[in-house]
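Remember, it's 1-based here, ligands and their atoms both numbered in the order they're listed. One-based numbering along the sequence shown.
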Amino acid sequence: MKKKVFAANWKLFKGPQETKQYFENFLISSDDHEIVFFPPALCIAQALQCVHGSRLQIGVQNISDQAEGALTGENSARTAQEMGCTTVLIGHSERRQLFGESLELISKKMKYAQSLGLKIILCVGESSEERESNRTTEVLKVQMETALSKASSEGLIIAYEPVWAIGTGKTATPQMANETQGFIRGWLDQNKFSNVPILYGGSVKPENAKDLISQPFIYGFLVGGASLNPESFAQICQCS
Ligand code: PGA
């Protein structure tokens with residue numbers, strides 16, 4: 001059986017000093033599971049230094065779809081890879097909503113990251129209006145179709161993150177998350193992505209992790225808020 005995946009998205013929290021303290025207090029090894037941290041880009045070097053010699057992985061929260069160029073403020077995937085990052089987060093709802101990332105741009109980023117051989121966590125998810133108007137599966141299908149049209153399953157992970165559950169404290173019930181992830185599983189299986197794991201994200205915390213991970217279609221978590229505390233995130237990683 002494949003290892004479960006636990007990903008920590010620190011967003012724009014923590015500086016180098018806090019990063020160092022965090023890893024002094026994150027005391028589990030990752031032999032049983034795959035654990036990857038996404039610190040802010042300016043803390044990646046520090047994080048890589050902290051996890052050196054362990055199996056903990058570091059990823060980058062955002063990349064440009066271009067190799068290089070006059071692109072002030074962007075992150076180069078090639079540089080992140082050269083530094084030692086294994087994984088890229090693509091399509092997070094904050095990037096889609098706050099930074100206006102289009103389906104087309106997400107598809108380009110997917111293509112570029114895969115051309116470098118980086119692992120990818122592709123985030124998909126519906127807003128509360130979309131769920132209330134029964135458009136959840138339609139929205140997820142469009143997000144997957146566009147992002148994955150030229151992608152291969154190599155190194156690919158999907159994170160289902162309902163937008164209404166991100167940072168709100170409102171978790172999808174285990175049944176609701178599992179049902180939606182069952183739809184995603186079906187779509188992936190029909191489209192040559194049958195070995196791609198699906199994570200759940202959205203207000204995951206130590207208190208709800210066990211119930212969520214016991215669902216058949218939930219293969220790990222992408223955690224925001226609760227990953228900022230090393231003890232909480234360690235508890236989540238040990239929930240199964
Ligand atoms: P949250 O964030 O756990 O704070 O809801 C999840 C995410 O944004 O990936």
Exercise. For the ring pair Y200 and F217, is the centre-to-centre distance below 6.0 Å?
Worked result: no

For this session: Would you kindly say whether Q46 and T19 are connected by a side-chain donor-acceptor distance under 3.5 Å?
Result: no

For this session: Could you tell me the residue and atom name of the protein heavy atom closest to atom 4 (O) of ligand 1, and the distance to it rounded to 0.1 Å?
Result: G225 N, 2.8 Å

Exercise. Got a donor-acceptor contact below 3.5 angstrom from the T168 side chain to the W164 backbone?
Worked result: yes

Exercise. Is ligand 1 under 4.0 Å from a heavy atom in the side chain of I166, in the backbone, in both, or in neither?
Worked result: both

Exercise. Are side-chain N/O atoms of S127 and E130 paired as donor and acceptor at under 3.5 Å?
Worked result: yes

Problem set entry | Nitrogen or oxygen of A226 less than 3.5 angstrom from that of ligand 1 | no

For this session: Check if S203 has a non-hydrogen atom at a distance under 4.0 Å from any atom of ligand 1.
Result: yes

Exercise. Are any of the N/O atoms in G224 less than 3.5 Å from those in ligand 1?
Worked result: yes

Exercise. In terms of side-chain geometry, is the basic nitrogen of K119 or E34 positioned less than 4.0 Å from the acidic oxygen of its partner?
Worked result: yes

Problem set entry | Under 4.0 Å to a heavy atom of A165 - the qualifying atoms of ligand 1, by number | 5 (O)

Problem set entry | Exercise: identify the closest heavy-atom pair between K11 and Q61 | O-NE2, 2.9 Å

Exercise. Numbering the atoms of ligand 1 from 1, which are under 4.0 Å from a heavy atom of L222?
Worked result: 9 (O)

For this session: Could you check atom 9 (O) of ligand 1 against the protein and tell me its nearest heavy-atom contact, residue, atom and distance included?
Result: E161 OE2, 2.7 Å

Exercise. Measuring from the heavy atoms of H92, does anything fall under 4.0 Å of ligand 1?
Worked result: yes

For this session: Under 4.0 Å from a heavy atom of G202: give me the atoms of ligand 1 that qualify, with their elements.
Result: 5 (O)

Exercise. Are T180 and R185 linked by a side-chain donor-acceptor pair shorter than 3.5 Å?
Worked result: no

Problem set entry | Within the 6.0 Å centroid threshold, strictly below: F37 and F26 | yes

Exercise. What atoms of ligand 1 come closer than 4.0 angstrom to any heavy atom of G167?
Worked result: 1 (P), 4 (O), 5 (O)

Exercise. Does G201, backbone or side chain, put an N or O under 3.5 Å from an N or O of ligand 1?
Worked result: no

